[in-house]
Amino acid sequence: MKGIVLDDRALLMVESDTVATALDDLERGTELSVAAVGSDRDRVTLTEDIAFGHKFAIERIDAGDPVEKYGERIGSASRPIEPGEWVHTHNCESDRGRGDRTAEGANA
Amino acid sequence: MSSRGVTPTEELSFDGYRRDRGSVGIRNRLVVLPSVICSRTVADRIADAVPEAVSTPHDHGCAQLGDDSDRTERTFVGVASNPNVAGAVVVGLGCETIQSGTIVDQLRERDVPVSEVVIQEAGGTEECYRAGVERAEGILANAREEPAGPLGLSDLTVGVVSGDFRPSSLGSADPLVGEAVDRIVDAGGRALIAGGERIDSHGEAIADRLATDAAEVGFEAVTTGTDRSSPVSSPRQRAAASSFEEVAAPWNDHPIRDVLPYGASATHDSGVALVDTPSEFGEAATALAAAGAQLVIHVTADGDPAGHPIVPTIKLTGDGATYEALSTDIEFFAAETESDALISSVVNTARGDETRSEAHGITTFAITRVGPST
Amino acid sequence: MSEFAGYRRDDGRIGVRNRVAVIPISVAASTIAERIAAEAGAGVTSTPHQMGTEQPAAARAQTERVLTGIGRNPNVGAALVVYLGTEVADVDGIADGIADVGTPVETLSIRSAGGARDTVSAGVSIADELSDEIASARRETADASELIFAVECGGSDATSGIASNPAVGNACDRLIDDGGTACFSETPEFIGAEHVLAERCADEETRRRLLERVDRREAIADMMGVDLRESQPSPGNKEGGLTTIEEKSLGAISKGGTSPIRGIVDYGEPLPVGGGLVLMDTPGYDVESVVGKVAGGAQIAAFTTGRGSTTGNPIAPVIKVTGNARTWDRMANNMDVNASTILDGEPIDSVGERIYETLLSVADGRPTEAERRGMEEFAINEIQPRELEALGEPV
């Protein structure tokens, strides 16, 4: 598997990523070491349950800032995201294929 | 007693199936509906294993956007709540855009006996197939087949697909259908006309004949939707080249009491409604089935032999060569047919007589797309 | 050198199956084609679709290209073309296009045969005769370099980008090292990853075309006036942890491996033999996408799926690869290769080797799970009027 495994339970695809993927169903309160990946902190504590395959933030991401996985931008934070928080459609949105924005612009 | 309080004359009466949801069907089908192309093979297998079941195989249900996706979903719900449907098994894959659970919820709201099986939840195609057959048999075992009757023309909702606008259709078949529609509408029944090309090419004349508020609203909705921006298809060109009198012949210019978007269900009491569907038979018959037609009259110059899984179809051609080539598939040659014979055929079909396409069992089911796959 | 045994065709290409394809020209012949295939003997398959009898010119051209390409696929030993008799599509052109590669072709008109019932019985007789005619073909040794390998992903989840796609990508690299062709497509699933692909294009023209096609697919969302996320990622993708199309794309592109991108062809256009990694511009909609590549000549496909897609194809065997252990356990009857072992530490290279071995053994005749269960979904991508307008195509 490519990437950096965090305590056998989560995967960071590339060291600079701001989100990691759960390799198991992880419970709220789980602590994971991120010291090895150049984060500004040693550990991340999950603030909610993270289902297998879903993502959590390993550092704070401000609203509007890029969310990064695979060393690439996968979208933008639609509101501030704290370390350990689940990152999904409720707080991360796509920057591409936004015909809704184009339609709004046309109607404005 | 007829449900409309009119006692039908004996030669024009028939018995049907009364549904809890208020409608009466002339067939008692269990529909196995895949919510996406990925589950169509399993749906077909379930339907093959249960004698009363039919499947509605289609190419859609995922990677669709906006009004294109909405129309597909609306059509699924409409088709599965057609009066001929005793109950439905919705077969999902699990990961698709149009989720089987959403369709099931809408069918429950409409009091359609329904059950859901999902390939990814069942643990694969074989498990899903077995569960689907069980569910289908369960629905049929519990279905209360309340006989309804005697019923008459006033209880009928007849769909009309006539959209090739060939000279033979315009010249002889459409006026014949118009006479039959006259009889049905005059008796208090309903006619649903596949009218996409007619709305495209004769919108102003149609607007002048809208007889209800609902029809005004419906017409506004279908003519201002982005759907109408489509380029000119060949049938639409031929419709535009025809007079309004010609394109209105199948409903003999009765007032238009509603205009329905593709996939929507008819709610008017009696009389004529136009349905916004293109003329391709499979797509049009599906739209009319979704709107609530119990049977369809299909005018065809080409002679498309297929029937439809939900609605029995009576075929009529004005083209002598087509009738000669396909006389085992087509009921009537318009030039040699009186409207009495067509009405008798409608009533006999409502009584349960098999149409030619029901006898050979070749059916087609298709849904019109208005946006590209993503 | 990697070898397998396949069916050598008159034009020198190699098939991995020896099927009689019953190909309807329009929706009006589609159910009859299905019925013929169902009633005829084993090895007869149909390609039902919903294309109308009177499509606009550009849409019709695409339908004709796909139907011709399907008939020309080297897995097709013989073809029966069924049509109503009034279609605008060029029936003779399609039949001739198939016959050009040496494949026996018969045509059957519903109007000439005297209707639905007679067409089915005549069609079954013809299909069975064609089956007899091609039954004498024997498998002979062929080289992996003669394979065109289609790669697809569908029902993706987070494991797709981590496990199954990189593993299939590794198998693509192996095939290309052996001189073969690998093709992946699904242009909407390049959105957000196109800069990565662009860097791998072998020449400037390929790079330019790739970026132009991605723009065109992204513009579909503008055309429909909605957020692409209504369909991409799909509900199952999201449940499986994929949040945005960019994330899905970045995981999806790894299924093509790491070789240089030699070109990008249109939907259903012929793919080169011995061509390395070639892209095809298709929708992400799996069944339409697989059909495009099979029409392009792919004899065999691998399909990665985290959630558990079960679809196959009537012409080409489809190998299902999952990186999700739960899907492997729950849907074992529909999956061929378990790539979830990557999450437990099996190297990607090792799983890639297993997939490549599976590819060669399926090419050799081993049936896939989809084949065993008769999963033969088929659909043609239709160019919609709104797209034609946006492209400024004549109608």
Side-chain angles (χ1 to χ4, degrees), chain B residues 37-42 45 57-59 62-69 93-97 99 119-120 123-127 226 229-235 278 280-283 301-306 322 325-329 357 360-364 366-367 369-374, chain C residues 27-28 30-32 35 49-50 52-54 56 84 86 110-112 114-118 155 188 220-221 223-226 228 230-232 234-237 283-288 307-311 330-334 373-377 379 381-389 395:
Chain B
I37 186 173
C38 307
S39 52
R40 72 176 272 178
T41 306
V42 172
R45 282 179 61 199
H58 59 82
D59 291 355
C62 200
Q64 291 183 260
L65 278 178
D67 56 356
D68 178 47
S69 179
L93 172 63
C95 50
E96 63 273 18
T97 305
Q99 292 270 293
I119 293 171
Q120 287 167 358
T125 50
E126 303 315 297
E127 291 74 5
T226 42
S229 65
S230 61
V232 174
S233 67
S234 301
E280 191 72 51
F281 171 73
E283 296 178 14
D302 289 352
D304 183 342
T322 293
L326 299 167
S327 58
T328 56
D329 298 323
S357 51
H360 64 54
I362 302 287
T363 62
T364 185
I367 300 171
R369 293 284 299 268
V370 290
S373 302
T374 62
Chain C
V27 64
S30 210
T31 315
I32 288 176
R35 181 70 69 84
H49 60 86
Q50 300 191 345
T53 53
E54 294 189 86
L84 176 58
T86 58
I110 296 166
R111 285 174 66 98
S112 302
R117 195 170 263 161
D118 290 346
I220 288 173
M223 188 192 303
M224 301 300 284
V226 295
L228 186 64
E230 285 188 11
S231 67
Q232 288 275 23
S234 76
N237 296 154
Y285 196 29
D286 300 324
V287 176
E288 293 179 358
R307 307 293 293 176
S309 160
T310 57
T311 55
R330 285 176 52 79
M331 299 181 68
N333 288 336
N334 298 109
R373 282 161 231 300
M375 308 302 288
E376 298 181 346
E377 292 75 7
N381 177 244
E382 181 168 34
I383 307 176
Q384 296 295 330
R386 277 180 190 167
E387 275 179 292
L388 294 172
E389 264 186 331
V395 278

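Values in this document were obtained by computation on a predicted structure and should not be read as measured data. Computed over heavy atoms, backbone and side chain alike; hydrogens, waters and symmetry mates excluded.
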The reported gap from CZ in C:R307 to CG in B:L93 (rounded to nearest 0.5 angstrom) is 9.5 Å
Atom pair CD (B:E126) and CZ (C:R373), whose distance is rounded to the nearest 0.5 Å: 5.0 Å
Between C:E376 and B:T41, do the side chains contain a donor N or O and an acceptor N or O under 3.5 Å apart? no
Given side chains that start at C-beta, do those of C:N333 and B:E127 come closer than 4.5 Å, heavy atoms only? yes
Tell me, please, which residues at least two apart from B:T374 pass side-chain hydrogen bond (donor to acceptor under 3.5 Å, both in side chains). C:S231
Sub-3.5 Å donor-acceptor pair from the side chain of C:R330 to the main-chain atoms of B:Q120, do we have one? yes
Would you say C:T53 and B:E280 make side-chain contact, with heavy atoms under 4.5 Å? yes
Do B:D67 and C:M224 have side-chain heavy atoms sitting under 4.5 Å apart? yes
Between C:S234 and B:C95 (side chain of the first, backbone of the second, donor and acceptor by atom type, cut-off under 3.5 Å), is there such a pair? yes
Min side-chain heavy-atom separation B:D59-C:V287 under 4.5 Å: no
Would you find a donor on one side and an acceptor on the other, under 3.5 Å apart, between the side chain of C:R35 and the backbone of B:G361? yes
Can you tell if the side chain of C:V226 reaches within under 4.5 Å of the side chain of B:S69, non-hydrogen atoms only? no
For C:R386 against B:G371, the heavy-atom pair lying closest together: NH1-CA, 4.5 Å
Can you list the residues that meet the salt bridge (charged side-chain N to carboxylate O under 4.0 Å, His left out) rule with C:D286, with sequence neighbours excluded? none
Do C:L228 and B:L65 make a side-chain contact, defined as non-hydrogen atoms from C-beta onward lying under 4.5 Å apart? yes
Under the 3.5 angstrom rule, does the side chain of C:N381 hit a backbone N or O of B:S373 as a donor-acceptor pair? no
